[in-house]
Amino acid sequence: MEQLLSLLRQRGLESIYISSIDNVRYISPYTGDEAYLLITEREKFLITDPRYTEQAQLECPDYTIVEWRRLGSVAAAVGELVKRHHISSVGYEDDRMTVRQFAQFQREVPAELVPAGGTVEKLRAVKRPEEIACLRAACDIACRAYERVLKDIRVGITEREIAARLSCYMVMEGADTRPYGGIVLAGARTSLLHGIPSSKAVEYGDLVLLDFGCQYHGYLSDMSRTVVVGRASPMQREVYDLERKMYEATLAAIRPGAAAREVYEQSTRPLEGSKYYPYHYNGIGHGVGLFVHETPFLSPTSDDVLERGNVMTVEPGIYIPGWGGIRIEDQVLLTDGGCENLMFSTRDLEEL
């Protein structure tokens with residue numbers, strides 16, 4: 001909160017309106033849905049509807065709880081607070097507000113509206129010790145669940161069945177009960193970077209790609225592994241070996257002060273001169289916290305510079321349409337000496 005208020009002073013803003021639920025969770029103790037914050041130097045307001053007021057009162061005793069439905073809209077509620085407390089400027093998350101919502105704010109809020117998107121995300125990029133502890137636990141849970149689901153992957157089981165079992169195992173291992181999604185693909189479908197699990201049954205010789213994670217006290221893990229059901233073919237081994245080298249090159253380049261673009265360039269070195277170069281994906285990593293894709297981002301167009309305390313994924317991949325894809329993904333913590341891997345599951349090619 002002190003860091004946020006300091007940023008507001010630097011911007012000359014009297015208040016900030018926070019509409020991203022992830023940012024609400026980061027700034028306040030609130031863990032539910034349908035909530036917005038209005039923060040000033042002296043006051044903290046949590047705006048929600050009657051479904052969540054009791055939860056908000058229990059979790060946020062230092063906040064004034066405001067029911068927006070009594071006033072007709074969230075914009076009207078913010079407008080009423082602005083008038084009552086004589087607020088002349090409101091920073092808003094322009095990267096989260098729709099055109100319709102902005103038009104409502106222009107009508108209802110008698111204050112200068114100043115774009116302030118990314119303000120809270122800037123704070124979230126460097127993790128505090130308590131956040132790192134939650135992220136570490138989420139990674140540990142995901143790895144344990146992965147070890148369990150490996151025993152279920154066999155000829156005949158469907159992508160959906162594997163995904164369902166994996167989600168169940170993560171909760172059984174201690175994850176929050178609110179999943180955020182998971183990717184389980186088999187055979188040629190593994191080239192779909194963000195494919196949705198289907199009724200496709202696993203066949204002998206199939207690649208199976210699992211991209212998944214869980215929440216622990218709201219903080220997320222994100223990992224990927226690719227296995228083979230049966231004996232791996234020569235091409236599967238060749239592509240897996242190149243993918244492993246890409247992963248290791250990326251990991252070696254990650255350190256505080258490194259430019260995201262330079263890390264990306266290092267990741268592609270093992271593919272140079274290879275026929276597989278055209279099949280790599282440019283997004284090779286991202287920050288992870290209360291949201292699964294947050295600052296910093298690793299890509300050839302990113303301007304981010306890595307910092308100590310970033311927690312992020314390392315996930316270069318090779319995706320060949322009609323054949324399949326292979327991805328290894330871990331989550332790392334940036335330290336003074338480079339990075340610490342938060343995942344313990346093997347990165348060797350598993351033949352099941």
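Position 1 is the first residue of the sequence; numbering continues from there.
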Heavy-atom side-chain contact between [X] and [Y] under 4.5 Å:
X      : Y      : result
Ile16  : Leu7   : no
Ile39  : Met1   : yes
Ile47  : Leu81  : yes
Val82  : Pro110 : yes
His85  : Arg42  : no
Lys122 : Thr295 : no

Hey, does the side chain of Glu108 reach the backbone of Gly79 with a donor-acceptor pair shorter than 3.5 angstrom?
no
Determine yes or no for a side-chain-to-main-chain donor-acceptor pair under 3.5 angstrom, with Arg189 supplying the side chain and Ile196 the backbone.
yes
Looking at [atom1] of [X] and [atom2] of [Y], how far apart are the two atoms once the value is rounded to the nearest 0.5 Å?
X      : Y      : atom1 : atom2 : answer
Trp323 : Ser233 : CH2   : OG    : 6.0 Å
Leu342 : Ile132 : CG    : CD1   : 8.5 Å
Thr31  : Ile21  : OG1   : CD1   : 9.0 Å

May I ask you to say whether Arg269 pairs ionically with Glu272, meaning some side-chain N is under 4.0 Å from a carboxylate O?
yes
Taking only residues at least two apart or on different chains, which pairs with a member in residues 136-149 satisfy side chain to side chain donor-acceptor pair (under 3.5 Å)?
Arg136-Glu340, Asp140-Arg144, Arg144-Glu173, Glu147-Ser345, Arg148-Glu173
Between Val74 and Val24, is there a shared hydrophobic cluster once you connect ILVMFWY residues whose side-chain heavy atoms come closer than 4.5 Å?
no
Taking the six-membered ring for Trp, are the ring centroids of Tyr63 and Tyr30 within less than 6.0 Å of each other?
no
